[in-house]
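Below: one structure, written as structure tokens.
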Amino acid sequence: MYGWIWRHLPGNTWMRAVISLVLVLAVVYVLFQYVFPWAEPLLPFNDVTVDGAGAGGAAGASGAEEGVAR
């Protein structure tokens, strides 16, 4: 696939390299500006299943709930 793209770009080797760089930067820009923000709500990265009722919470680990003197 990359060979096909390289053969169909106009110009000599340096011009093809510049055009390739511009194409890569354009793809990265489109991904970050449009595709990733669109897909972010669909991904499960912010689905937190931890609640405060577990064993070993921050206050329980310090002994503050049991009335332990420091």
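Just so you know, these numbers use all the heavy atoms, side chains as well, and skip hydrogens, waters and symmetry mates.
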For [X], all residues meeting side-chain contact (heavy atoms from CB on, under 4.5 Å), sequence neighbours excluded:
{"X": "Trp4", "value": "Arg7, His8"}
{"X": "Phe32", "value": "Val28, Phe36"}
{"X": "Ile19", "value": "Leu9, Pro10, Met15, Leu23"}

* Do any pairs count as a side-chain hydrogen bond (donor to acceptor under 3.5 Å, both in side chains) and have a residue in residues 19-36, sequence neighbours left out, and if so which ones? -> none
* Transitive ILVMFWY side-chain link Val27 to Val35, under 4.5 Å -> yes
